[in-house]
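Everything on this sheet refers to the single structure shown next.
Proteins come first, then strands; the chains are lettered A, B, ... in the order of their sequence lines, and each starts at number 1.
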Amino acid sequence: MLEKTYSPAEVEAKLYGRWEQSGAFACDVASNAAPYTIMMPPPNVTGSLHMGHALTFTVQDILIRYNRMAGRDALWQPGTDHAGIATQMVVERNLAADGVDRRDLGREAFVDKVWEWKAESGGTIVNQLRRLGASPDWARERFTMDEGLSAAVRKVFVQLYREGLIFRDKRLVNWDPKFQSAISDLEVESKEVDGNLWHFRYPIEGEDGRHIVVATTRPETMLGDTGVAVHPDDERYKDLVGKHAILPLVGRRIPIVADGYADPEQGSGAVKMTPAHDFNDFEVGKRHGLELINIFDSHARVNENAPEAYRGLDRFEARKRVVADLEALDLVEKIEPHRHAVPHGDRSGVPLEPWLTDQWYADAVTLAKPAIEAVETGKTVFVPKNWEKTYFEWMRNIQPWCISRQLWWGHQIPAWYGPDGTVFVEESEEAAAAAAAAHYGTPVELTRDEDVLDTWFSSALWPFSTLGWPEQTPELARYYPGDVLVTGFDIIFFWVARMMMMGLHFMKDVPFRTVYIHALVRDAKGQKMSKSKNNVIDPLDLIGRYGTDALRFTLAAMAAQGRDIKLAEGRVEGYRNFATKIWNAARFCQMNGCAADPAFDPAACSETVNRWIVGQVQKTSVAVAEAIEAYKFNEAAAALYQFFWGTFCDWYLEFTKPILQTPEGAAEHPGAAETRAATAWALNRALHLLHPIMPYITEELWESFGEEAGTLLIRRPWPDLPETLVDPAVEAEMDWLIRLISEVRSIRSEMNVPPSAQIPLILTGAADATAARLAGYRDLILRLARLSEARTGADAPAGSVQGVLDEATLQLPIADVIDVAQERARLTKEVAKAEGEIVKIDKKLSNEAFIAKAPEEVIEENRERLAEERQKRDRLAAALARLNAAG
RNA sequence: GGGCGCGUAGCUCAGCGGGAGAGCACUACGUUGACAUCGUAGGGGUCGCUGGUUCAAUCCCAGCCGCGCCCA
């Protein structure tokens, strides 16, 4: 016998191991089944499970479990990425706690430390994924720094270099002074900061007392100014173009140029130009041949290119000093408070410095072309479709991708320099040495490039590097391209776009056919969860309190396309209750001896209730399958919830009670055996349908109810049921029954008939078929509507409360409890309601244009509804008349 | 400024050309042998505003008002 309540924690721990050990998660390269592949977006190895992960991995697991059941050879490829900066930071912090600096340790020893750290604590998120019930093929778990994946990185780098698609260049980069590394423009986070707009006067050369006023948010950069720009049409400055200003504090003579970049509306209309420290100024500088003067070192301290007084100052100290010195010279026109966006490093959190350095770049412009085309031609489709716009927007405006990072943890760039700086890009040191020897005609000492590659460079290869590329493995042939990539929109640029580029370039095919972009999880108020707001909901905490299945069902139910998820804990609680409901329904089935019967044939039921539930199961299985295949997880969840609670528990189990529960001394109902088998069958099918979303409770119940002892639900086939199980006549009959019971209950409740009182029901004006139904379901009706008798009759007994059901009128003779005034009010309200409908439909039908232009079935439907409403109105009016006559 | 999206019941959200829905919350009643993590019934909505298209608009189009996110 099942326990009284479901205990998620116990069941989860027990079943996960059983699944994994049974090999249920593994794909089968030798299988004849069609493959179904999802590449898991590798979480950061330093990461721990947050709500976003919970959503994305739940969705992926639903897809994988469903497709596995649907007969596909499913591969869900798991793994983690090495997260260059984040991981290096973690390990550096740990070392710092022991008073060790990585530079004292040296590169090799430091990298060893990182590997040690990874071995000890790198698996956190992977274990948390298990608690979520995720079922990837763990045996194939990969890490972006694995030897195989590293070989893929080297090969890709060398090939792209030889094709001219990777190059080295001196450009402005987003420099992170804290990490001492370049970062890509995607890792830049704009933050609104309260600052000032400082207006400085720059004296004009040769015109005593005349100044040009420039406005800036970064006074300290003026030490590197090499020009002033004004708009060509700006009348105020026309005569100054071509002249020079004298840069205060420095004394440099700088040209005044005309450029459309200067906005006459902004500030004074004149802008100082610092081409070595601002991306826009860099472009303007290029157009006008302005000098590039780098005034900062890598820590963003003023260097030797600035006047001696400022050297060594940090950029913020330099700012104060410059302003103070200009004020002393009376060259500050005004200072206005100004709120503006300042680029920050998304991980370091410090303001970034545009800085001129040598870096490696990938030619994203060229690589993006086929990737754009693949989406244009539908080789890869986005779901929902509108994310294509975001993708195109970025891909069509893409810039060269800075792929080098000044870190130690990552894939070191396979480039070696000869004594004269000649670069040799090869897959190994030996190859580089050979190439150098050939170049110089003699072996030489080579120095390897110290930099490593952007983590996303290796992630971009994930869809094929994890399958063994560059080896031509059977896995690669079978599982590339993948079916669907599931991720959040925030990762379209970082990862999706780059996988598209690399996949198309190296595999000559897209990496996945579909990209499903899901929502972001926010808190109940719609705010992004963040530690600083202290509104983070921990999925593991929710799992602990409500169970994994409840959390998964909640996320599925809320994963409607195109809208973010505002997660309120109440929803999780509600779906925990749903799990409890499932548990209790199963207990009930067990208590009534409903066990799987191998001989049961759903198409051959004789009891109407059983023929009905079998059809409802069929409809639900189709609805759920279609919803999952269309990535409409909320619809799948709603169909399941409605079926299990609203149909199976609320009606079917109630309908079968009189059949299953034989009163003392009475003979068993002739349909009892069939009903027990049908109930078990329906419950078992429901467990199948629920399994992808609620794997644990369904697997646990399958253990007690399953048709085949010792099998696991995870490996069972998805129910493939014929449409013929749905019988419209049966549906109509059960629908009538439900409406009759509901109507009686509603009247009883409104008339305040105590639940314990058993009252009679007389159906007047009933057609023969209706009378037959009443007789056929008499026991059920008595029980569920709490009646003492239920029969047809010719006349209404005096003092009846009345209701209408199709052509018949319900009479509930409860003269002793009836309140005439209350009943009159009730009936009057009902009549008015019907009357309102009649007026609405009548108006529509008497509109000639409607009759002329609307489709025939719509007109017909309205005619039917009108007739129904009129019938109802007439019967209710008659009931009212009877009441008035009696009262 | 450009792009995307959202304003539907008290709350969280489905629906998106032909009868306004769900869950939670709320109210009343209920110890009917699966379930109070429950049952039965009920109240509650000019579907942001204004125009337009249409026989028909919560749904399509335009404008406006509020709100969010991304990119400059």
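Side-chain proximity of A:Lys4 to the nucleotides B:C69, B:G5, B:C35 is greatest for B:C35. The A:Met558 side chain lies nearest to B:U12 when the options are B:U12, B:A14, B:A41. Checked against B:C35, B:U32, B:C55, the side chain of A:Asn847 finds its nearest nucleotide in B:C55. Closest to the side chain of A:Arg576, out of B:A34, B:U37, B:C55, is B:U37.
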Quick one: do A:Thr647 and A:Gln616 satisfy side-chain hydrogen bond (donor to acceptor under 3.5 Å, both in side chains)? Show the steps, please. CA-CA 8 Å; A:Thr647 301; A:Gln616 298 303 303; 4.9 Å; no
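Between A:Arg396 atom CZ and B:G3 atom P the separation is 14 Å, expressed in whole Å. Residue A:Arg587 contributes atom CZ, which lies 13 Å from atom C1' of B:U37 at whole-angstrom precision. If you take OH of A:Tyr261 and C1' of B:A72, they are 11 Å apart, rounded to a whole angstrom. Summarising the geometry, the separation between CG on A:Leu787 and P on B:U40 is reported as 16 Å, rounded to the nearest angstrom. Atoms CG (A:Asn634) and C1' (B:C16) sit 14 Å apart, rounded to a whole Å. One can place CZ of A:Phe578 at 17 Å from C1' of B:G39, the figure rounded to the nearest angstrom. Atom CG in A:Asn386 sits about 11 Å away from atom C1' in B:G3, given to the nearest Å. B:G30 atom C1' lies 13 Å from atom CG of A:Asn752, rounded to whole Å.
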Contact letters for nucleotides 18-24 of chain B, in which S counts primed atoms plus P, OP1 and OP2 and B counts the base, heavy atoms under 4.0 Å: BBS--S-
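For the pair A:Asn610 and A:Thr656, the tightest heavy-atom approach, listed with the atom from each and the gap, is OD1-CG2, 4.4 Å. Nearest heavy atom pair, residue A:Arg875 against residue A:Val804, reads CB-CG2, 3.2 Å.
B:G51: Watson-Crick or G-U partner is B:C61, with both key distances under 3.5 Å. Both distances falling under 3.5 Å, in either a Watson-Crick or a G-U wobble arrangement, occur for no nucleotide opposite B:A9. Within the shown strands, nothing qualifies as a pairing partner of B:A34 under the Watson-Crick or G-U definition with both distances less than 3.5 Å. Pair assignment for B:U40 gives B:A28, based on Watson-Crick or G-U wobble hydrogen-bonding distances that are each under 3.5 Å. Searching all strands for a Watson-Crick or G-U wobble partner of B:C16 with both distances below 3.5 Å returns nothing.
Here, B:C65 and B:A22 have their C1' atoms 29 Å apart, quoted to the whole Å. With both ends at atom C1', the span from B:C29 to B:C67 equals 42 Å, rounded to whole Å. Remark: the separation of the C1' atoms in B:U58 and B:C16 is 8 Å, to the nearest Å. A gap of 16 Å separates the C1' atoms of B:C26 and B:G45, to the nearest Å. B:C47 and B:A72 are spaced 36 Å apart, taking the C1' atom of each and rounding to whole Å. B:G19 and B:A56: their P atoms are spaced 14 Å apart (whole Å). Taking atom C1' in both B:U8 and B:G21, the straight-line distance is 10 Å, to the nearest Å. Nucleotides B:A41 and B:G66 place their P atoms 44 Å apart, quoted to the nearest Å.
When A:Phe392, A:Phe382, A:Phe489, A:Tyr516 are each tested for a ring-ring contact (aromatic ring centres under 6.0 Å, His included) with A:Trp387, only one passes: A:Phe489.
The phosphate of B:C4 (OP1 or OP2) has a side-chain N or O of A:Lys389 nearer than 4.0 angstrom. Between A:Lys657 and the phosphate of B:A34, there is a side-chain N or O to OP1/OP2 separation shorter than 4.0 Å. The shortest distance between the side-chain N/O atoms of A:Ser746 and the OP1/OP2 oxygens of B:G42 is below 4.0 Å.
Salt bridge A:Glu837/A:Arg865: present, at least one basic N to carboxylate O contact under 4.0 Å. Salt-bridge check for A:Asp842 with A:Arg870: passed, with a basic side-chain N closer than 4.0 Å to an acidic carboxylate O.
Note on ring orientation: taking the six-membered ring where Trp is involved, the planes of A:Phe578 and A:Tyr575 are perpendicular (angle over 60°, cut-offs 30° and 60°).
Residues A:Thr679 and A:Tyr652 bring a donor and an acceptor atom of their side chains to less than 3.5 Å of each other.
Residues A:Thr217 and A:Leu197 are in side-chain contact: their nearest non-hydrogen atoms beyond the backbone lie under 4.5 Å apart.
If you check every strand for non-hydrogen atoms under 4.0 Å, A:Cys589 touches nothing. Residue A:Glu388 is classed as having no contact, given no heavy-atom separation below 4.0 Å to the nucleic acid. Residue A:Thr580 is classed as a base contact, given a heavy-atom separation below 4.0 Å to a base. Base engagement by A:Arg786 is indicated by at least one non-hydrogen atom pair under 4.0 Å involving a base atom.
Remark on RNA chain B: of its neighbouring residues A:Glu635 and A:Phe588, the 5'-side contact belongs to A:Glu635, judged by nearest-heavy-atom nucleotide.
Taking A:Glu668 as the reference, A:Arg676 meet the salt bridge (Lys or Arg N to Asp or Glu O under 4.0 Å) condition, with sequence neighbours excluded.
Judged by distance alone, with hydrogens and angles left aside, A:Lys581 brings a side-chain donor or acceptor within reach of the base of B:C35, the pair sitting under 3.5 Å.
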